[in-house]
Amino acid sequence: MASRFNALKADAHWQQVWDERRTFAADDHSAKPKSYVLEMFPYPSGKIHMGHVRNYTMGDVLARYRRMTGHEVLHPMGWDAFGMPAENAAMEKGVHPGGWTRANIATMKAQLKRLGFALDWTRELATCEPDYYGHEQAIFLEFYKAGLVYRKESAVNWDPVDMTVLANEQVIDGRGWRSGALVEKRKLNQWFLKITQFADELLDGLSTLEHWPDKVRLMQENWIGKSQGLTFRFRLSDGGEVEVFTTRPDTIFGASFVAVAADHPIAQALAGDPAVAAFIARCKQGGTTAAEIETQEKLGFDTGLTAAHPFSGHPLPVYIANFVLMDYGTGAVFGVPAHDQRDFDFATKYSLPIRRVVAEGDKADPAFDEAEAYTGPGTLVNSHFLDGMDVADAKREVIRRAEADGWGRGSTVWRLRDWGVSRQRYWGTPIPIVHCAACGEVPVPREQLPVVLPEDVTFDVPGNPLDRHPTWKHVACPSCGGEALRDTDTLDTFADSSWYFIRFASQPQDRPFDRAVAESWLPVGQYIGGVEHAILHLLYARFFTRALRHVGMIDVAEPFTGLFTQGMVTHETYRLALPDYDGPRGALWVSPDDIVVGENGQRLARMADGATVPVTVGRVEKMSKSKKNTIDPEPIVDQYGADAVRWFMLSDSPPERDLEWSENGIEGAWRFVQRLWRLVDGERGSEGRDAALDRKLHQTIAGVAADIEALSFNKAVAKLYELTSAVEKAAPSASRDDAVEAMIRLVAPMVPHLAEEAWSLRGHAGLVADAPWPAVDAALLVEDEVTIAIQVNGKLRDTLVLAKGLPREAIEAAALASDKVVRLLEGRAPKKVIVVPDRLVNLVA
RNA sequence: GCGGACGUGGCGGAAUGGUAGACGCUGGGGACUUAAAAUCCUCUGCCGAUGGCGUGCGGGUUCGAGUCCCGCCGUCCGCACCA
């Protein structure tokens, strides 16, 4: 009689065995082919959530599968441990960011261990520890030495109450998210990394990333935003000049005005005039949200200046305009209303000429009477020497002439900006620079690294604790020995996550990584994480890798050859169906834990006093604290065991799509785990082959392998269900015993605890984690009989089971002999017969 | 506005241009049981049912379209006055 699988006991036992034997520690010196599987490391926010469980389960299946197929696998885990939430916790709860973070790490590590992930914990790292960030400081200084770091004055969002800099996301309706104070723009000296120096490489490199989702490549491409065109100068009526950038030099004869940004030096120079000053102020008022920009009216202020057209010398009015951005291109444009919608809107409002220069079909009249700008292809008209050219030729010709005559040049403009990395915050990597009155900015010498973040700080006063620390920032200048001050800013935490995958591969004490060892593991073969990191994190990591190559520290171009962006874990939302409920705001959301199912399936909320209240079931959304629709993984693991949770995470939904958490789903997974156990714990020792089962087994081995490699876990799961059913139904035989034996290995990547328990139960000495993936007998992948579809006029009318590989004539004859076909054809011969061997016959009557 | 993805039973989803709905969930019926749980068997797209209709809608290509092409509609995501 089969026993029941005791998940909790098995989980604890095998986790301990893996730990003690260091089963998943990666060997740098292994002769096996190396495979680096990585999931985005977590921020230690407190507890793990279902999103983590799903993410790490996917990576784990791949890592375990790779081990079984003979790879030396690096599958590490660490902590993205610097960041604002720790400081927020410090301010709210009076705890120290370091203590809070390290306690969270301990909690979350224990939780991850309970899921049985095949992780190399010997390489665990936390970015908040000096033995990590010290090396990051060394890298920063290498970049500095190579001229990839510079200092620039730049505007930040300043919260005058909290005395801190805010990220854009923390500014809500122009106010600080915490203090509610009106946010000011403040100019601060900040450090920048020259990511734009690599813009071309980062763009071109995208085409080599075949195993990245197209979507992510496209998002990066748009973010980098390469535009090619012409940069040229207009002479102004006051004797000055204004430089503009355009991607449409071909339309130059359609220009009817020039516009500059409110921040442009020309506008600023005129700001002595109160009317100009008022207009500039008005431009800056506008909101920055999508909706506001969309509906914002184009506004202009005529400066009275004119700009001379570079070919005709014709004067064009110069406006200050709210739709021109100072930080893109040159901060000035020329307006071609007929062929740019913004210019069209602007010209319409200010009654400026609208002149067609690109013919749309046969429309070539200089008077432009369309309702909107024409931006499509066409032939140049009303443009002197450009007439008759197509757009591309005309662009080239204008650039050629501008360069020949010396008033402009072909140029490339990027949307990508240099990366400002200074943060006026405490809980981050200190920037290893000393400011000396005599020597200026002085890098901290290598032997003085790490610049350790002091932990004796308080958060009872607003502002950066580093700045008001009594001693920390006072230091002797490394250059002259005089009194100097440390930079009290810390690095953007995106810097921490821009090279951690290299440190995982190699972690010597005295330098960031050993080049040869790191190169033996990198690039990461499969990187898995949320699509929310599609742009910034992945772009910064790509930049860091290229910058490290630039300074000669590593010879790797792209850090991640394979990228997979997994979907979120979602759940229904519940709200109290009481419009007049007078509880605190937000309390209307009800946690799934407090939901009971009433009669006829109605959902009710159980209130604190035991009463039940009807709720409305809202849409299925990403699990979030604000909607209270989270499911804490820990009690689920307690109840069902790690394997059932893992199995559910892989079932049903394709991994790139969202997975809806459901009670039925986890119960189904748990039932399957028990079903598997009954099989492995069942009878064996029978004789004889079962050809059909052999074939099913080998097809499943091949299919599951292919599905895992394609990360199509839901399909692998479906195939394993099918095989399980087939084995259950099969009569005892040696084939059936073989199938059960192989199945233990097939499910091992997904339900490793059950697999180890079964492997051991069936008398194997080693671990199933170290066992090889079952071999496929290719001969068994082919069926000897096939079901052939018989269609008449493309409609299915019958199916026939025939031997595989029959000649066309035999298949056709069999089809024509089918009773149903005979009845439908009523004695007539078909006009045409299409035979697809081993598949179908289509008779066209 | 620009770019992208997606749209298949009651639900999640399968399906190299070739038998639509694998597999799971839900639900119905049955077996076992004093009973329940667990387990097992069985059915489960729709309809006027020897047949017909079905993959968001309308066209097209093809012997054959969920799949390819054109045009709509809807949902979701990203970017956004980028010159």
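For the numbers below, each heavy atom of this structure counts, side chains included, while hydrogens, waters and symmetry mates do not. What you see is a predicted model; the values in this text were computed from it and never measured.
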Sugar-phosphate only, base, or nothing, as touched by Asn714(A) at under 4.0 Å among non-hydrogen atoms: sugar-phosphate
Nearest to side-chain heavy atoms of Tyr328(A), which nucleotide of C79(B), G24(B), A83(B): A83(B)
Phosphate OP1/OP2 of C25(B): any Arg671(A) side-chain N/O under 4.0 Å: yes
d(CG, Asp652(A); P, C23(B)) in whole Å: 13 Å
Sugar-phosphate only, base, or nothing, as touched by Thr787(A) at under 4.0 Å among non-hydrogen atoms: base
Nucleotide nearest Met219(A) (side chain, heavy atoms from C-beta), chosen from A83(B), G78(B), C40(B): G78(B)
Atom C1', compared across G48(B) and C63(B): separation rounded to whole Å: 31 Å
Minimum-distance nucleotide (side-chain atoms of Leu840(A) versus C81(B), C40(B), G18(B)): G18(B)
Pairwise P distance, G60(B) and C41(B) [rounded to whole Å]: 48 Å
Who pairs with A49(B) - Watson-Crick or G-U, where each distance is under 3.5 Å: none
hbond_proxy Lys298(A) side chain to C81(B) base (donor-acceptor, 3.5 Å cutoff): yes
Value in whole Å for how far the C1' atom of U19(B) lies from NZ of Lys795(A): 15 Å
Among Val792(A), Leu816(A), Val833(A), Val836(A), the one residue meeting side chain to side chain contact (heavy atoms under 4.5 Å, CB included) with Val841(A): Val833(A)
Gap between atoms CE and C1', on Met568(A) and A5(B) respectively (whole Å): 14 Å
Span that lies between the C1' atom of U42(B) and that of U61(B), in whole angstrom: 44 Å
Rounded distance in Å - CZ (Arg646(A)) to C1' (G24(B)): 19 Å
Residue matched to A15(B) through Watson-Crick or wobble contacts both under 3.5 angstrom: none
Nucleotide nearest Glu722(A) (side chain, heavy atoms from C-beta), chosen from A83(B), G12(B), A22(B): A22(B)
Nearest-Å distance once atom P is located in both C73(B) and A22(B): 34 Å
RNA chain B: 5'-proximal contact among Thr247(A) and Gly794(A) (nearest heavy atom): Gly794(A)
Sugar-phosphate only, base, or nothing, as touched by Val836(A) at under 4.0 Å among non-hydrogen atoms: base
G3(B) pairs with, by Watson-Crick or G-U criteria that keep both distances under 3.5 Å: C77(B)
Sugar-phosphate only, base, or nothing, as touched by Ser651(A) at under 4.0 Å among non-hydrogen atoms: nothing
Under-4.0 Å side-chain N/O to phosphate OP1/OP2 contact, Ser662(A) with C25(B): no
NZ/NE/NH1/NH2 to OD/OE distance under 4.0 Å, Asp707(A) and Lys719(A): yes
Rounded distance in Å - CG (Asn222(A)) to P (G4(B)): 9 Å
side-chain N/O Arg797(A) vs G52(B) OP1/OP2, d < 4.0 Å: yes
Syn/anti state of G9(B) by chi, 90° boundary around 0: syn
Separation of atom CD in Glu656(A) from atom P in G13(B), rounded to whole Å: 10 Å
Distance test, side-chain N/O of Arg342(A) to OP1/OP2 of C82(B), below 4.0 Å: yes
For atom CG of Leu679(A) and atom P of U39(B), their distance in whole Å: 14 Å
G45(B) versus G58(B) - spacing of their C1' atoms, nearest Å: 24 Å
Parallel, tilted or perpendicular, as decided by the 30° and 60° cut-offs, for the rings of Phe346(A) and Tyr350(A): tilted
Touch class at under 4.0 angstrom, heavy-atom based, for Gln791(A) against every strand present: base
Below 4.0 Å: OP1/OP2 of G12(B) and any side-chain N or O of Arg657(A): no
Presence of Arg415(A) side-chain N/O under 4.0 Å of A80(B) phosphate oxygens OP1/OP2: yes
Contact under 4.0 Å: Lys832(A) side-chain N or O vs C63(B) OP1/OP2: yes
C2(B) and C46(B), which share atom name C1', separated by this distance in whole Å: 41 Å
Pairwise C1' distance for C25(B) and G9(B), with rounding to whole Å: 13 Å
Closest heavy-atom pair and its distance - Ala373(A), Pro337(A): CB-O, 3.7 Å
Touch class at under 4.0 angstrom, heavy-atom based, for Lys715(A) against every strand present: sugar-phosphate
Carboxylate-amine/guanidinium contact Glu783(A) Lys804(A), below 4.0 Å: no
P spacing across the pair G28(B) / A20(B), given as an integer number of angstrom: 30 Å
Between Ser154(A) and Arg417(A), a side-chain donor and acceptor under 3.5 Å: no
Arg4(A) (side chain) and U39(B) (base): donor-acceptor pair under 3.5 Å: no
Within-4.5 Å side-chain heavy-atom neighbours: Arg409(A) and Ile399(A): no
Residues Arg217(A), Asp214(A): salt bridge by 4.0 Å N-O rule: yes
Spacing between Asp345(A) atom CG and A80(B) atom P, to the nearest angstrom: 20 Å
Closest nucleotide among G13(B), C82(B), U19(B) to the Pro654(A) side chain: G13(B)
Val844(A) side chain, from C-beta outward: closest of A83(B), C79(B), C63(B): C63(B)
N/O (side chain, Tyr721(A)) to phosphate O (OP1/OP2, G24(B)) under 4.0 Å: no
Touch class at under 4.0 angstrom, heavy-atom based, for Asn842(A) against every strand present: base
Lys622(A) atom NZ: more than 12 heavy-atom contacts under 6.0 Å: no
Sugar-phosphate only, base, or nothing, as touched by Val244(A) at under 4.0 Å among non-hydrogen atoms: nothing
Listed nucleotide nearest any side-chain atom of Leu325(A), set C82(B), U19(B), C53(B): C82(B)
SB check Lys226(A) Glu221(A) (cutoff 4.0 Å): no
Pairwise 5' ranking along RNA chain B for Trp670(A) and Ile834(A), keeping only the more 5' one: Trp670(A)
Under 4.0 angstrom between Asn664(A) side-chain N/O and U26(B) OP1 or OP2: yes
